[in-house]
Amino acid sequence: MPTPEFPQDAKRAVALQRQLAGLVQLTPLARLPELVAGVDCAIAPGGEEIVGVAVLMRFSTGEVVEEQVARRPLTFPYVPGLLSFREGPVLLAALAVLTLRPELLLCDGQGIAHPRRFGIASHLGVLLDLPSVGIGKSRLCGEERVVGEQRGDWQPLMDKGICIGSILRTRERVRPVYVSPGHRCDQEGARALVLAWGRGHRLPEPVHLADRLSKRQRLAVLP
DNA sequence: GCGACAG
DNA sequence: ATCTTGTCGC
(Lines give C-alpha, C1' and ligand atoms only; values in the text may rest on other atoms or scores of the structure.)
Protein backbone atom coordinates (compact mmCIF):
# COMPACT_ATOMS: atom_id res chain seq x y z
CA MET A 1 0.00 0.00 0.00
CA PRO A 2 1.45 3.37 -1.03
CA THR A 3 2.31 5.72 1.80
CA PRO A 4 -0.45 8.35 1.83
CA GLU A 5 1.98 11.17 2.51
CA PHE A 6 3.89 10.37 -0.68
CA PRO A 7 1.84 10.44 -3.90
CA GLN A 8 3.11 8.04 -6.55
CA ASP A 9 2.65 10.34 -9.51
CA ALA A 10 4.66 13.47 -10.35
CA LYS A 11 1.63 15.70 -10.74
CA ARG A 12 0.35 15.21 -7.20
CA ALA A 13 3.91 15.11 -5.83
CA VAL A 14 4.63 18.60 -7.13
CA ALA A 15 1.29 19.87 -5.80
CA LEU A 16 2.10 18.45 -2.36
CA GLN A 17 5.52 20.11 -2.38
CA ARG A 18 3.98 23.50 -3.15
CA GLN A 19 1.54 23.00 -0.30
CA LEU A 20 4.00 21.75 2.32
CA ALA A 21 6.64 24.32 1.36
CA GLY A 22 4.42 26.85 3.06
CA LEU A 23 5.00 25.12 6.38
CA VAL A 24 8.79 25.40 6.32
CA GLN A 25 10.20 27.56 9.10
CA LEU A 26 13.56 29.27 8.68
CA THR A 27 13.92 30.15 12.34
CA PRO A 28 17.23 30.08 14.22
CA LEU A 29 17.91 26.98 16.32
CA ALA A 30 17.17 27.39 19.99
CA ARG A 31 20.34 25.54 20.94
CA LEU A 32 22.90 23.07 19.66
CA PRO A 33 21.11 19.71 19.28
CA GLU A 34 22.62 16.84 21.27
CA LEU A 35 20.99 13.86 19.54
CA VAL A 36 21.35 14.00 15.79
CA ALA A 37 20.25 11.55 13.11
CA GLY A 38 22.00 11.17 9.77
CA VAL A 39 19.99 9.45 7.03
CA ASP A 40 20.80 8.00 3.63
CA CYS A 41 19.64 5.45 1.07
CA ALA A 42 21.03 2.79 -1.23
CA ILE A 43 19.44 0.74 -4.00
CA ALA A 44 19.60 -3.03 -3.66
CA PRO A 45 21.19 -4.98 -6.54
CA GLY A 46 18.53 -5.52 -9.15
CA GLY A 47 16.95 -2.17 -8.51
CA GLU A 48 13.77 -3.63 -7.02
CA GLU A 49 14.34 -2.52 -3.46
CA ILE A 50 15.54 0.58 -1.63
CA VAL A 51 17.36 0.53 1.69
CA GLY A 52 17.09 3.42 4.13
CA VAL A 53 19.22 3.91 7.23
CA ALA A 54 19.28 6.25 10.20
CA VAL A 55 22.38 6.72 12.35
CA LEU A 56 21.77 8.44 15.67
CA MET A 57 24.74 10.19 17.27
CA ARG A 58 25.39 12.16 20.44
CA PHE A 59 27.21 15.45 19.99
CA SER A 60 28.92 15.73 23.37
CA THR A 61 30.60 12.33 23.13
CA GLY A 62 30.63 11.77 19.38
CA GLU A 63 29.35 8.24 19.93
CA VAL A 64 26.89 6.36 17.74
CA VAL A 65 23.84 5.82 19.92
CA GLU A 66 21.70 3.75 17.57
CA GLU A 67 21.43 2.52 13.99
CA GLN A 68 18.27 1.44 12.21
CA VAL A 69 17.63 0.00 8.76
CA ALA A 70 14.47 -0.30 6.67
CA ARG A 71 13.75 -1.78 3.23
CA ARG A 72 10.93 -1.06 0.82
CA PRO A 73 10.08 -1.97 -2.75
CA LEU A 74 11.22 0.78 -5.11
CA THR A 75 8.09 2.43 -6.51
CA PHE A 76 9.16 5.90 -7.63
CA PRO A 77 11.77 6.76 -10.29
CA TYR A 78 14.54 9.24 -9.78
CA VAL A 79 13.27 12.59 -10.95
CA PRO A 80 15.32 15.73 -10.20
CA GLY A 81 13.23 17.74 -7.77
CA LEU A 82 11.17 14.78 -6.58
CA LEU A 83 13.80 12.82 -4.67
CA SER A 84 11.80 12.73 -1.44
CA PHE A 85 9.06 10.70 -3.12
CA ARG A 86 11.63 8.03 -3.91
CA GLU A 87 13.64 8.02 -0.67
CA GLY A 88 11.25 9.60 1.81
CA PRO A 89 9.09 6.61 2.73
CA VAL A 90 11.95 4.25 3.54
CA LEU A 91 13.82 6.95 5.47
CA LEU A 92 10.72 7.66 7.56
CA ALA A 93 10.47 3.93 8.22
CA ALA A 94 14.06 3.77 9.47
CA LEU A 95 13.58 6.87 11.63
CA ALA A 96 10.33 5.48 13.04
CA VAL A 97 12.03 2.53 14.70
CA LEU A 98 14.64 4.61 16.49
CA THR A 99 14.28 4.21 20.25
CA LEU A 100 15.28 7.80 20.90
CA ARG A 101 13.87 10.78 19.04
CA PRO A 102 16.56 12.88 17.35
CA GLU A 103 16.63 16.63 17.92
CA LEU A 104 17.96 17.27 14.43
CA LEU A 105 18.06 15.58 11.03
CA LEU A 106 21.07 15.74 8.72
CA CYS A 107 20.03 14.66 5.23
CA ASP A 108 21.90 13.65 2.11
CA GLY A 109 20.32 16.04 -0.42
CA GLN A 110 18.94 19.57 -0.48
CA GLY A 111 16.83 21.49 1.99
CA ILE A 112 15.29 24.67 0.57
CA ALA A 113 17.92 24.78 -2.18
CA HIS A 114 15.24 23.30 -4.41
CA PRO A 115 13.10 24.61 -7.33
CA ARG A 116 10.06 24.76 -5.03
CA ARG A 117 12.14 25.33 -1.89
CA PHE A 118 11.20 21.90 -0.61
CA GLY A 119 13.98 19.35 -0.93
CA ILE A 120 14.10 16.05 0.96
CA ALA A 121 15.54 17.63 4.11
CA SER A 122 12.63 20.08 4.25
CA HIS A 123 10.13 17.32 3.54
CA LEU A 124 11.37 15.07 6.35
CA GLY A 125 11.75 17.99 8.72
CA VAL A 126 8.19 19.19 8.18
CA LEU A 127 6.64 15.72 8.41
CA LEU A 128 8.49 14.95 11.65
CA ASP A 129 8.40 18.52 12.95
CA LEU A 130 12.15 18.43 13.51
CA PRO A 131 14.92 20.87 12.69
CA SER A 132 16.70 19.57 9.59
CA VAL A 133 19.61 20.46 7.34
CA GLY A 134 20.22 19.40 3.76
CA ILE A 135 23.75 18.56 2.63
CA GLY A 136 24.03 17.96 -1.11
CA LYS A 137 27.15 16.59 -2.79
CA SER A 138 26.15 18.37 -5.97
CA ARG A 139 23.91 21.25 -7.01
CA LEU A 140 20.26 20.98 -7.91
CA CYS A 141 19.60 24.66 -8.55
CA GLY A 142 21.18 28.02 -7.87
CA GLU A 143 24.32 29.51 -9.36
CA GLU A 144 27.68 27.77 -9.17
CA ARG A 145 30.38 29.80 -7.49
CA VAL A 146 34.05 29.49 -6.61
CA VAL A 147 34.72 28.99 -2.89
CA GLY A 148 37.88 29.67 -0.87
CA GLU A 149 40.09 26.66 -0.21
CA GLN A 150 40.12 26.64 3.56
CA ARG A 151 37.76 24.55 5.65
CA GLY A 152 34.86 26.80 6.64
CA ASP A 153 35.13 29.04 3.58
CA TRP A 154 31.77 29.51 1.88
CA GLN A 155 29.75 31.45 -0.65
CA PRO A 156 26.02 32.06 -0.79
CA LEU A 157 24.11 29.79 -3.16
CA MET A 158 22.02 32.27 -5.14
CA ASP A 159 18.94 31.49 -7.22
CA LYS A 160 16.96 34.24 -8.95
CA GLY A 161 18.51 36.82 -6.66
CA ILE A 162 17.64 34.92 -3.50
CA CYS A 163 20.01 33.13 -1.15
CA ILE A 164 18.81 29.54 -0.91
CA GLY A 165 21.84 27.95 0.72
CA SER A 166 25.61 27.91 1.11
CA ILE A 167 28.40 26.42 -0.93
CA LEU A 168 30.61 25.28 1.93
CA ARG A 169 34.16 23.91 2.03
CA THR A 170 34.21 21.23 4.72
CA ARG A 171 37.71 19.95 3.89
CA GLU A 172 40.67 21.33 2.08
CA ARG A 173 41.35 19.93 -1.38
CA VAL A 174 37.87 18.46 -1.48
CA ARG A 175 34.90 19.71 -3.45
CA PRO A 176 32.57 21.89 -1.38
CA VAL A 177 29.08 20.73 -0.38
CA TYR A 178 25.74 22.48 -0.87
CA VAL A 179 24.21 23.24 2.52
CA SER A 180 20.70 24.55 3.03
CA PRO A 181 18.19 24.72 5.88
CA GLY A 182 15.57 22.02 5.76
CA HIS A 183 13.17 23.13 8.47
CA ARG A 184 13.29 25.08 11.77
CA CYS A 185 16.80 26.26 11.00
CA ASP A 186 18.43 29.28 9.35
CA GLN A 187 21.33 29.59 6.92
CA GLU A 188 23.92 30.41 9.58
CA GLY A 189 22.77 27.56 11.80
CA ALA A 190 22.86 25.12 8.90
CA ARG A 191 26.49 25.97 8.13
CA ALA A 192 27.47 25.89 11.81
CA LEU A 193 25.93 22.45 12.30
CA VAL A 194 27.62 20.96 9.25
CA LEU A 195 31.00 22.28 10.39
CA ALA A 196 30.42 21.25 14.01
CA TRP A 197 29.67 17.69 12.89
CA GLY A 198 32.68 17.50 10.60
CA ARG A 199 35.03 14.70 11.56
CA GLY A 200 37.51 14.78 8.73
CA HIS A 201 35.21 13.70 5.92
CA ARG A 202 33.52 15.78 3.25
CA LEU A 203 30.11 15.05 4.76
CA PRO A 204 29.15 15.49 8.42
CA GLU A 205 29.84 12.32 10.41
CA PRO A 206 26.22 11.13 10.87
CA VAL A 207 25.61 11.38 7.11
CA HIS A 208 28.96 9.83 6.31
CA LEU A 209 28.22 6.86 8.57
CA ALA A 210 24.68 6.55 7.21
CA ASP A 211 26.12 6.44 3.70
CA ARG A 212 28.52 3.64 4.61
CA LEU A 213 25.88 1.69 6.51
CA SER A 214 23.39 1.88 3.64
CA LYS A 215 25.97 0.62 1.17
CA ARG A 216 26.77 -2.27 3.50
CA GLN A 217 23.12 -3.09 4.14
CA ARG A 218 22.09 -3.14 0.50
CA LEU A 219 23.87 -6.47 0.12
CA ALA A 220 22.75 -7.89 3.45
CA VAL A 221 20.80 -11.15 3.41
CA LEU A 222 17.21 -10.73 4.57
CA PRO A 223 16.05 -12.97 7.45
C1' DG B 1 12.50 24.98 -28.29
C1' DC B 2 16.99 24.32 -25.43
C1' DG B 3 19.71 23.37 -21.48
C1' DA B 4 19.91 21.85 -16.49
C1' DC B 5 18.94 18.42 -13.49
C1' DA B 6 19.82 16.35 -5.34
C1' DG B 7 20.29 10.75 -5.33
C1' DA C 1 22.15 6.13 -6.96
C1' DT C 2 25.10 2.26 -9.57
C1' DC C 3 28.87 0.39 -12.66
C1' DT C 4 33.88 0.06 -12.65
C1' DT C 5 40.61 -0.43 -12.34
C1' DG C 6 44.09 1.30 -11.15
C1' DT C 7 46.12 5.13 -8.97
C1' DC C 8 47.58 9.20 -6.20
C1' DG C 9 47.84 11.27 -1.61
C1' DC C 10 47.26 11.79 3.55
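Residue numbering restarts at 1 for every chain, and letters A, B, ... go by the order of the sequence lines.
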> Please determine if a side-chain N or O atom of A:Arg173 lies less than 4.0 Å away from the OP1 or OP2 oxygen of C:dG9.
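It does not, given that no N or O in the side chain of A:Arg173 lies less than 4.0 Å from OP1 or OP2 of C:dG9.
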> Need one value for A:Arg171: base, sugar-phosphate or nothing, where a base atom within 4.0 Å counts as base even if backbone is also close, heavy atoms only.
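A:Arg171: no heavy atom of the nucleic acid under 4.0 Å.
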> Quick one: A:Glu48 CD to C:dA1 C1', roughly how many Å, whole number?
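To the nearest whole Å, that distance equals 15 Å.
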> Name the stems with DNA chain B in them: runs of three or more consecutive Watson-Crick or G-U pairs, distances under 3.5 Å?
none
> Using whole Å, report how far CG of A:Asp211 lies from C1' of C:dT2.
12 Å
> Side chains of A:Cys41 and A:Val90: closer than 4.5 Å at any heavy-atom pair?
yes
> For A:Ile120, answer base if it contacts any base atom (sugar-phosphate contacts may also be present), sugar-phosphate if it contacts only those atoms, and nothing otherwise; contact means non-hydrogen atoms under 4.0 Å.
base
> Rounded off to whole Å, could you give me the CZ-to-C1' distance for the A:Arg86 and C:dA1 pair?
7 Å
> Applying a 4.0 Å non-hydrogen cut-off, can you work out what A:Gly136 is touching in the nucleic acid: base, sugar-phosphate, or nothing?
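A:Gly136: backbone/sugar contact only, no base atoms under 4.0 Å.
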> May I ask you to evaluate whether A:Lys137 reaches the phosphate of B:dA6, defined as a side-chain N or O under 4.0 Å from OP1 or OP2?
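Looking at the OP1 and OP2 atoms of B:dA6, neither is under 4.0 Å from any side-chain N or O of A:Lys137.
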> Is there a side-chain polar atom (N or O) of A:Arg218 under 4.0 Å from OP1 or OP2 of B:dG7?
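For B:dG7, OP1/OP2 do not have a side-chain N/O of A:Arg218 under 4.0 Å.
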> Classify A:Ala42 by what it touches in the nucleic acid, base, sugar-phosphate, or nothing, heavy-atom distance under 4.0 Å.
sugar-phosphate
> Heavy atoms only, 4.0 Å cut-off, all strands: where does A:Gly81 land among base, sugar-phosphate and nothing?
base
> With stacking defined as ring centroids separated by under 5.5 Å and planes differing by under 30°, is A:Tyr78 stacked against B:dG7?
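A:Tyr78 ring centre within cut-off of B:dG7 base, planes near parallel; stacks.
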> Hey, is CD on A:Glu63 packed in by over 12 heavy atoms from elsewhere, all under 6.0 Å?
yes
> Atom CZ of A:Arg202 to atom C1' of C:dC10: distance rounded to whole Å?
18 Å
> Over how many whole Å does the gap from A:Asp108 atom CG to C:dT2 atom C1' extend?
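Whole-Å distance recorded here is 14 Å.
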> Do A:Arg58 side-chain atoms and A:Glu34 backbone N/O form a donor-acceptor pair below 3.5 Å?
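The answer is no, because no donor-acceptor pair under 3.5 Å joins these two groups.
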> Does the structure place the NZ or CZ of A:Arg169 under 6.0 Å from the centre of the six-membered ring of A:Trp154, at an angle of no more than 45° from the ring's axis?
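Checked: cation-pi criterion not met.
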> Decide yes or no for A:Tyr178 and A:Ile135: does some side-chain heavy atom of the first lie under 4.5 Å from some side-chain heavy atom of the second?
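A:Tyr178 vs A:Ile135: side chains apart.
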> By the 4.0 Å heavy-atom rule, please label A:Ile43 as base, sugar-phosphate, or nothing.
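The residue A:Ile43 makes sugar-phosphate contact but no base contact.
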> Go through B:dA4, C:dA1, B:dG7 for me and flag the one nearest to the A:Ser138 side chain.
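Output: B:dG7.
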> From the list C:dA1, B:dA6, B:dC5, which nucleotide is the closest neighbour of the side chain of A:Leu83?
B:dA6
> Base, sugar-phosphate alone, or nothing: which one does A:Leu74 contact when heavy atoms must sit under 4.0 Å apart?
nothing
> Do we see a donor-acceptor contact under 3.5 Å between the side chains of A:Arg191 and A:Ser166?
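A:Ser166 and A:Arg191 do have a side-chain donor-acceptor pair below 3.5 Å.
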> Once you round it to whole Å, what is the distance between C1' of B:dA6 and CG of A:Leu203?
12 Å
> Could you check which of B:dA4, C:dA1, B:dA6 has an atom nearest any side-chain atom of A:Pro80?
B:dA6
> Of all the nucleotides listed (B:dG7, C:dT2, B:dA6), which has the minimum atom distance to the side chain of A:Lys215?
C:dT2
> Is the closest side-chain heavy-atom distance between A:Leu128 and A:Leu105 below 4.5 Å?
yes
> Measuring only between side-chain heavy atoms, which start at C-beta, is A:Pro204 closer than 4.5 Å to A:Val194?
yes
> Take the protein atom CD of A:Glu87 and the nucleotide atom C1' of C:dT2, then report the distance between them rounded to whole Å.
13 Å
> To the nearest angstrom, how far is A:Leu219 atom CG from C:dC3 atom P?
8 Å
